[in-house]
Every structure is written in C-alpha cells, then in structure tokens.
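A short write-up of the structure that comes next.
Residue numbers begin at 1 in each chain, while the letters A, B, ... track the order of the sequences. Reckoned from all heavy atoms, side chains included, excluding hydrogens, waters and symmetry mates.
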Amino acid sequence: MTSQASDQESSGKPPTARSTPAREGFPFTDDGAGNGSRPSDDRGRHIPADIELKWQRRWEESGIYRAKDHVEGKKNWFALTMFPYPSGDVHIGHWYAYAPGDAHARFMRMAGYNVMHPQGFDAFGLPAENAAIQRGTHPRQWTLANVENMRRQFRLMGNSYDWDREIVTCTPEYYRWNQYFFLKFMEAGLAYRKAGPANWCPSCNTTLANEQVKDGKCERCETAVTKRDLPQWFFRITKYADELLQMDEIEWPEKIKLMQRNWIGKSEGVTVHFDVSAFIPFAPSYVATFTTRIDTVFGVTFVVLAPEHPLVEKLTQPAQRKAVHEYIENARRQSEIERTSTEREKTGVATGAYAVNPLNGERVPVLVGDYVLATYGTGAVMGVPAHDERDFAFAKKYGLPIRVVVAPPGWSGGELDAAYVEPGTQVNSGEFNGLPSKDGMQRMAEKVEREGWGSRTTTYHLRDWLISRQRYWGTPIPVIYCDPCGTVPVPVVDLPVLLPEKAEFRPTGQSPLTLDPTFVNVKCPKCGRAAKRETDTMDTFMDSSWYHLRFTSAHDRERPFSLDSAGAWAPVHQYMGGAEHAVMHLLYSRFFSKALRDLGYVKFDEPYKRLFNQGLLIKDHKKISKRSNPLNPEPVVEQYGADTLRLYLMFLGPWDQGGDWSDAGIRGVSRWLIRVWDLVQSGYPSPQPTPKGPASMEGGDKGGVSGADRDTTRASHMTTKRVVTDMREFRFNTAISALMEFTNKLSETQAAGGVSKPVWDDAMDRLVLLLAPLAPHTAEELWERRSHAYSVHQQALPVWDESLVAADTVTIVIQVNGKLRSQVVLPAGVSEAEAIASALADAVVQRHMEGREIVRKIYVPNRLVNVVVK
RNA sequence: GCCGGGGUGGCGAAAUGGCAGACGCAGCGGGCUUAAAACUCGCAUCCCGCAAGGGAGUGAGAGUUCAAAUCUCUCCCCCGGCACCA
C-alpha cells in the first residue's frame with residue numbers, strides 16, 4: 001500500500017492540502033467529492049467525482065458514441081433498452097434497467113461492431129396530465145423538466161448513448177409521424193372507427209389506458225373499473241393474429257413468446273347453429289354457438305347467451321321479460337372484476353325460448369347467463385354440463401339435465417360427480433357411438449359443414465387494438481368529421497395536427513380537447529364547410545411501436561425514417577427491457593412492423609431480433625418506488641461513484657432474475673474497484689521472486705519462462721475467456737467475479753514478484769480493457785495513466801489462446817464408492833492407467849478399500865477417479 | 001385453477017451429471033494504530049473430535065446412475081403472468 005504514497009512523494013509534487021494522508025478514511029466520504037480544484041491526476045486516490053465528470057465531458061466532445069450508418073469492415077449492432085417514461089421519480093431501478101444494457105453495448109463495440117446505442121423519452125401519457133391537474137403545471141412543463149432530469153441521470157451513469165439521435169415523443173417533430181402512420185393505416189383499412197367499450201373509472205370520471213388498469217382497478221384511486229360505450233378508433237391487429245403467433249425467427253425468452261401466444265389465444269373449433277325460428281319469425285333464425293368440443297354436441301341440454309347478445313331481446317317471451325330485464329340490468333351494473341371472477345356462483349335466467357340442436361333435433365331451453373362473455377366467440381355457448389366444468393356448475397344450480405356423451409374409461413353408466421373433460425368414447429351420440437371422441441370430433445365437424453349447420457371456425461382472444469384515449473397529453477388523431485362528407489382524414493400536407501397549447505383539465509369525463517373551440521372547429525378539407533375535429537388522442541403505445549425506427553433517422557424532416565437507414569440498423573439486434581411489456585408494447589410493435597412492411601416502409605417482419613428481459617430490482621422484499629420505498633441513486637453516486645454503482649448492480653446476481661439491493665453490499669465492489677485502481681498504478685513489481693515466496697506458483701521454470709510468467713499468462717488468458725464469454729451472454733455477475741479473482745491473483749503475484757515486465761503489462765492492459773464496459777470511467781482514466789491513446793472504449797477486446805488457458809497440472813479427485821477420499825496432482829492429460837495407478841497408490845484410498853474387492857474403476861479425464869468396491 | 005421462473009451457508013450468489021458453497025457481504029481472530037476507522041493477513045455449511053479424521057448436507061420424499069444441487073416422478077413453499085376464452 002505504501003507504493004502510492006512513495007510515488008506521490010517521489011513525483012516531487014507538493015503534498016495536497018488535505019490533512020489526512022492518502023488511503024486514510026474511506027475515500028469518498030470526506031471533504032473531497034466534487035472539489036473541482038483538485039488535480040485530476042492525483043495518483044493515490046480513486047476520486048470518482050473528478051474522473052467521471054472529466055470523461056463524460058471528453059466522450060461528448062469527441063463524439064465517440066455517435067454512430068455512422070456504415071463503417072468499413074464492421075457489422076452494425078443496434079443495441080436498445082426500452083426508453084423510459086420520464087416520470088418525476090428517478091430511482092435506482094432505472095439504473096438497474098439501463099446500466100447493464102450500456103455495459104453490453106460497450107462490450108459489443110469493443111467486440112468489433114459498429115454500435116448504435118440511442119436513447120429517448122416516452123413523453124406522452126397520463127401521469128403528466130394528472131400532475132397538471134394536481135399542481136397546476138402544464139403537462140409539457142412537467143414532462144420536459146423530468147426529461148432534463150433523466151438526461152442528467154443518464155449522463156451520470158456514463159452510458160454510451162448517441163445523444164444526437166435522441167427522440168422525445170411529445171414533440172410535434174415526433175408525433176406528426178404517428179399521425180402520418182395513422183393516415184396510412186386508414187388508407188390501408190388497418191384503422192377503423194366503431195363503438196366499443198373502454199375502461200372507465202367512475203371515481204376519476206375519466207377513461208383509463210389499459211396499462212392503468214391493474215386487477216380490474218384504477219391504479220390511482222383503486223376504484224373498480226367499468227365499461228363505457230364510446231365510438232373509438234381501432235387498429236386491425238387481428239389481421240396479423242396468425243403471423244404474430246409465428247415467432248421462430250426471433251430470439252426471445254420462451255416465457256415472453258408464451259405470454260404472447262396465450263394473449264393471442266388462437267383456438268380452433270366449430271360454429272354450430274341452433275335453430276330458433278319458432279320464436280323469431282324473421283331472419284336470423286338461429287343462435288350461433290362456438291365450441292372447441294363438437295364431440296360433445298349430443299350432450300347439449302341448454303344454450304346460454306351473454307346478457308349483451310343481440311338476440312336476447314327477440315327471444316325473451318312475455319312471461320320472462322321482467323326477470324330477464326332485471327337480470328341484464330344487474331349484470332350491467334356489475335364491475336368487470338365481479339363479472340369475470342371465477343369464484344362467483346354462475347347465475348342465469350330463462351328466456352322462455354327453445355333452440356333446436358341440429359345434430360339430434362332436440363329442443364333445449366335458451367337462457368341468459370353472465371358467465372358467457374359477449375366479446376368471445378359468438379357470445380353464445382352450447383351448454384354441455386357433462387363435459388364442461390362451468391356448464392356442470394350451472395346445470396347443477398338450475399336442475400338442468402346432465403347427459404354423458406363422451407364416456408370416461410371404464411364408465412359404469414352412472415352419474416358424474418364432476419364434468420369429464422378428457423377424451424373418451426362416444427356414447428349417446430347416435431351414429432357416432434363407439435368412436436374415440438377424437439375421431440368423433442372430426443366426423444361431427446365434417447357433418448356440420450356438409451349439412452350446412454355451421455362451419456369450422458378459428459377464434460382468437462386477441463382483439464383489435466383500441467387506440468382512442470379521452471385525454472389531452474397525447475397525439476391528436478388526425479381526422480375531421482363533416483356532416484356531408486363523413487369521416488375525413490386530415491391531408492398529409494396539413495400535418496402535424498398540433499396539440500393546442502392551452503387546455504382545460506377539469507375532470508368532466510370529456511376529452512379535454514372538446515373544450516377548445518379553436519381546435520375543434522375546422523373547415524372540412526373536402527368540401528370546405530364547417531366541420532369538427534376528432535378530440536380523442538392516441539394511446540401512447542403508438543409512440544413506442546415504431547420509435548426504434550425513428551432512431552435510425554432522428555432528424556429526417558421529410559419522412560418518418562428512410563428505407564436505407566432503417567435497413568442499415570433495423571431490426572434491433574439486441575433489445576432489452578422489463579417483462580411488464582411482454583404483451584402490450586412488444587405485441588403492438590410487432591404488429592406495427594408487419595403493417596409497415598406491407599405498406600412498403602421496411603423490408604423485414606420483426607422489430608426486435610433478440611430480446612433480453614431484465615428482472616426487477618427490489619429492496620427489503622418490496623418494489624422500489626418513489627412513494628413507498630425510495631432509493632435515490634444520487635447520494636450513492638456521490639459516495640461511491642457511478643462506476644461502483646454500475647458494478648454493484650451488475651454484481652448482485654443474474655440480470656434476468658432481478659436483484660435485492662442492500663446498502664452494505666456495495667462496499668465490496670467499491671473496495672475492489674479501489675484495489676484495481678491501486679494495482680494498475682502500482683507499477684511493475686520486482687522481477688526477482690521476493691522472500692514472501694510464490695507458494696502458489698506451479699511447475700517452476702521451464703524453457704526460460706519463469707513459473708510466475710506462465711502462471712500470470714494463464715490467469716490473463718483464462719480471465720479473458722471467462723469475461724468475454726460471460727459478457728456476451730449478459731452474465732455480468734460472473735464476469736465481475738472472474739475479474740475479482742484475476743485481481744486477487746495479480747495482487748499475490750505482485751507481492752511474490754518474479755514476473756517479467758511484458759507479461760505484467762499484458763495482464764494490466766487486459767484488466768483495464770475487460771473492465772472498460774463495466775466501469776467505463778475508471779477504465780478510461782487507467783488507460784490514459786498507462787499512457788495509451790484515447791479511448792479505451794475504441795479498443796478491441798483482448799483475445800485468448802486456448803492452449804494458454806489450460807493448466808499444466810490438474811488436481812484429480814479420488815472417490816471410493818462415490819465418496820470423496822483423496823486427491824492427487826498430476827500432469828494435465830494424464831492417461832487413464834496412470835491416473836488410476838496414482839489413485840490406487842494413495843494411502844487414504846487404500847485404507848478405504850481394505851478387505852474389499854474392486855469391481856469397477858471410472859476415470860473422468862483431468863477430473864476424477866472413482867473406485868467402486870464391494 | 002392453468003402457464004412460466006425459482007427454493008443452495010447468517011445474507012447476495014457460483015457450480016446444469018464428476019471436489020457443493022467460487023466471488024462478494026456480514027461475522028470472528030491476528031497485524032498496523034495511543035485508539036478507532038480504513039487497510040491488510042487468516043478462519044469460516046453444520047455435527048462429533050485436542051487433532052488426524054469421520055458423519056450429515058443444495059425445500060420434502062422416492063427413483064435412475066459408479067457418481068445427482070443438476071436427470072425422472074410425487075408433494076410443499078415463494079415470485080411473476082393469465083384467469084368463466086366455451
């Protein structure tokens with residue numbers, strides 16, 4: 001430790017003004033942080049505040065992270081971390097989301113790629129509007145102040161963003177292209193307007209975005225969300241349902257793919273028509289039901305309609321009218337949580353009408369029940385209590401018959417205690433009796449189609465994307481309503497439709513834009529007569545659906561992006577972000593890619609080729625948030641520095657599994673980084689072995705190369721291999737462990753001496769280079785202090801030689817009957833015979849074999865011998 | 001209920017068929033210090049033993065194997081997602 005102090009003295013500099021000697025006190029806690037007058041080449045101490053600011057400035061001035069579309073001899077790599085919503089609440093979770101992504105981007109840059117790593121802000125959204133209501137600031141003011149704060153945080157992190165490409169979605173330069181794409185989608189029939197239910201919070205008296213409904217409740221006031229019918233704009237995402245299921249070419253976590261598959265919810269079945277012409281004299285005279293179990297159709301004992309089903313009114317007989325109306329009223333009043341609770345008892349009411357099962361000609365009662373969803377399938381189901389759990393419960397409650405038509409194996413013909421939903425043998429099914437239900441399903445489907453009773457149908461859980469929002473802080477939908485001309489798109493040349501600056505945010509339940517007559521009243525672009533603008537704004541997921549493409553042409557005034565630039569960078573090579581966006585953003589964005597491809601804007605199918613999901617950072621078993629569990633990064637940065645914080649967040653554990661923050665743990669990586677700092681600057685150790693003795697050195701001198709040299713070289717190459725392979729796969733925690741082991745080893749070597757200068761220098765350079773993506777400021781400073789040319793971040797990663805990684809000797813474990821008994825050190829690549837001979841010669845092993853017969857000997861090369869005795 | 005992910009020392013975690021607990025935190029002991037902090041060296045899964053050594057051990061239980069944290073089956077617990085999708 002004295003080497004720094006003596007260096008400082010011998011350098012002839014006057015002692016610094018500090019009263020404490022170097023290394024005393026925890027380095028970052030005292031007087032110093034942020035003292036600009038201190039010379040930044042203070043040798044002895046690692047002072048993050050100085051070097052971090054210094055390099056952040058230098059990186060910006062020299063523009064080393066600015067990406068060019070093409071660089072001779074390099075492949076492009078588009079590294080993107082999901083851009084943030086600029087909430088006022090910047091916490092350490094943001095660092096956890098962004099710093100490892102930056103480390104990986106830096107790693108890829110050093111791995112020889114032409115990397116673009118941009119950043120922007122998802123700046124439209126409800127919180128800004130809520131803040132406006134609460135504190136009387138304009139959403140723009142609140143948002144832009146937060147953007148400024150987050151930019152500062154990103155700079156503090158030392159992230160290698162190309163700030164020239166920054167995008168802020170609430171600017172007209174960005175959102176005009178949302179409007180542009182909306183119009184293109186309209187032209188292509190991908191955008192349409194129809195009345196549809198929106199999530200409605202009765203307490204806030206406003207609609208909510210889907211992402212603001214959690215467990216059926218309003219996020220802010222926890223009021224149960226209901227539905228309200230409004231004319232709304234939709235994107236026809238269902239057109240791509242099948243293609244969206246196709247995910248072979250994207251390298252995403254299986255979990256996310258599965259979530260998307262579940263969300264799309266493709267299900268193949270049969271639509272069967274139940275005749276009701278006896279009750280409705282005019283067409284349509286049947287109730288269409290959707291089933292995936294046509295094999296159970298002979299077991300239908302009733303038909304249930306959703307309360308919202310259009311035929312309910314027509315089918316209800318006079319005697320039942322009152323009861324049915326009451327039932328529907330009651331259902332309507334229920335919240336979505338109540339309606340969809342699986343716990344709830346199933347209820348229903350008879351309409352008095354009957355429907356005819358086309359397969360067997362039976363008349364079965366038609367009921368209304370709110371366990372049937374109006375929005376799925378045909379909004380009506382055939383009730384098969386014997387083979388569907390819900391129908392079973394419903395039939396039990398109302399005493400409806402239960403008829404078995406798919407017999408369980410060994411069925412005695414008796415009553416069932418519960419619905420039997422597995423395959424079986426057809427019974428009570430007319431001509432299909434005796435068939436396995438699997439075949440029955442085929443044959444019955446064929447018959448239904450042949451007889452014209454219905455058809456094979458595929459349904460999806462996925463709905464078209466409702467993009468209308470009754471809010472102010474979003475992209476105005478560029479449409480004008482004119483009495484004679486109808487719905488008229490705003491001509492592209494008139495874009496952008498600017499969001500009016502002044503707005504009222506009274507919670508009236510109406511879109512705030514309706515309150516601005518200068519916005520609403522407009523001349524029809526077609527006929528010139530007085531007309532009115534659409535006053536809803538777009539869902540903010542519109543912004544994030546294509547922002548990655550805007551990064552490729554951030555400043556293009558003529559187009560959203562150019563085909564060339566998009567082609568140079570997209571699809572994003574590595575996308576990173578939380579799993580909370582698994583379905584919404586990631587699905588919308590995939591839809592957008594396919595739509596843009598069909599419209600000729602891009603030439604690929606998918607937005608994000610590889611996806612990595614980081615886990616959640618928690619503290620004391622709770623999520624970190626401003627309100628309940630705050631953890632502000634800035635005091636941590638002040639105390640330890642950004643590099644230490646970055647390292648600690650990556651060291652916590654595997655990035656995809658999330659991490660548990662502890663205030664104490666960070667001191668470990670802090671100490672380590674200081675040790676690295678000291679080690680790299682401590683100078684070349686003695687070429688002669690010191691009396692401290694190299695106990696750990698193996699092999700001694702060989703061919704003029706000292707044991708210390710071979711040992712150090714091996715450590716250098718092994719560490720290079722470990723760090724590079726770990727970093728590639730986002731295993732930051734084990735990469736850092738490998739570097740820690742390397743520094744521990746080098747500290748020993750330094751104390752022991754006996755290493756030659758080229759070997760030592762090579763080790764030092766590797767250490768700094770491998771550290772660079774993880775702790776970019778410290779590595780940059782050390783690189784400079786080792787008299788290398790700027791910048792360490794423009795260097796290539798070190799390479800390793802596999803032959804130098806392998807050890808000369810190996811420790812072979814000896815087991816007797818699978819139990820560890822001894823070990824021997826032998827030359828690497830020792831033959832099986834030799835290894836076994838050494839094992840059998842071992843005294844401890846002999847003791848355990850005494851008086852027993854050897855039945856088997858197992859040798860795992862360079863690892864283990866297992867002697868099996870009896 | 002269904003679908004994922006997970007359960008390893010006091011703590012964060014390594015190890016994905018071959019030495020369980022690398023690396024680090026916290027802890028204990030030594031050095032340095034008037035002292036403390038910092039730094040540094042060492043010890044550390046548990047049990048028996050002065051030690052040498054032995055035994056047990058990766059949520060529980062069974063199985064496969066010369067060998068299982070790792071593979072198979074049954075069950076328990078935690079986290080996340082979906083949830084009357086006919």
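Computed from coordinates, the A/K346 NZ to B/A86 P distance equals 14 Å when rounded to whole Å.
In this structure, the nucleotide among B/A56, B/A14, B/C84 sitting nearest to the side chain of A/D370 is B/C84. Considering only side-chain atoms of A/R856, the nucleotide from B/A14, B/C25, B/C66 that sits closest is B/C66. Comparing B/A20, B/G80, B/A26 against the side chain of A/K255 picks out B/G80 as the nearest. Nearest to the side-chain atoms of A/R675 among the listed nucleotides B/C19, B/G24, B/A86 stands B/G24. Taking only side-chain atoms of A/V813, from C-beta outward, the nucleotide of B/C19, B/A26, B/A14 with the closest atom is B/C19.
No engagement by A/V669 is indicated, since no non-hydrogen atom pair under 4.0 Å with the nucleic acid exists. When heavy atoms are screened at a 4.0 angstrom cut-off, A/V868 is found touching the sugar-phosphate backbone but no base atom. Within the nucleic acid shown, A/R863 comes within 4.0 Å of sugar-phosphate atoms alone, with no base atom in reach, counting heavy atoms only.
Contact annotation: A/Y371 does not reach the phosphate of B/A86 (side-chain N/O to OP1 or OP2, under 4.0 Å). Residue A/R671 places at least one side-chain N or O closer than 4.0 Å to OP1 or OP2 of B/C25. Taking 4.0 angstrom as the limit, A/R293 places none of its side-chain polar atoms (N or O) nearer than this to OP1 or OP2 of B/A86. Here A/N733 reaches the OP1 or OP2 of B/A14: one of its side-chain N or O atoms lies under 4.0 Å away. Checking the phosphate oxygens (OP1, OP2) of B/G24, a side-chain nitrogen or oxygen of A/N744 falls inside 4.0 Å.
Within a heavy-atom distance below 4.0 Å of RNA chain B, the residues of residues 260-269 of chain A found are A/S267.
Between A/Y460 and A/E741, the one whose closest nucleotide on RNA chain B sits nearer the 5' end is A/E741. Mapped onto RNA chain B by nearest heavy atom, A/S747 and A/A738 fall at different nucleotides, with A/A738 at the one closer to the 5' end.
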Scan nucleotides 44-53 of chain B against the protein and return all N/O pairs shorter than 3.5 Å with their distances rounded to 0.1 Å.
{"from": "B/G53", "atom 1": "O3'", "to": "A/R847", "atom 2": "NH2", "distance (Å)": "3.4"}

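Note: A/F290 and A/Y376 have perpendicular aromatic rings, judged against thresholds of 30 and 60 degrees for the angle between ring planes.
Taking atom C1' on both B/C75 and B/G7, the two are 14 Å apart, rounded to the nearest angstrom. For the P atom pair drawn from B/G55 and B/U64, the interatomic distance equals 23 Å after rounding to whole Å. Distance noted for atom C1' between B/U8 and B/A13: 9 Å (whole Å).
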_Let's go through A/W677 and A/T778 carefully: what are the C-alpha distance in whole Å and the side-chain angles of both, what is the deciding distance for side chain to side chain donor-acceptor pair (under 3.5 Å) to 0.1 Å, and is it a yes or a no?_
CA-CA 8 Å; A/W677 175 264; A/T778 302; over 6 Å; no
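In this structure B/G9 sits in the syn conformation; its chi angle is within 90° of 0.
In this structure, A/Y640 has its ring center no closer than 6.0 Å to that of A/Y648.
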Ignoring hydrogens and angles, write down the donor-acceptor pairs under 3.5 Å from the side chains of residues 862-870 of chain A, residues two or more places apart or on other chains.
{"from": "A/N862", "atom 1": "OD1", "to": "A/G829", "atom 2": "N", "distance (Å)": "2.8"}
{"from": "A/N866", "atom 1": "OD1", "to": "A/G818", "atom 2": "N", "distance (Å)": "3.0"}

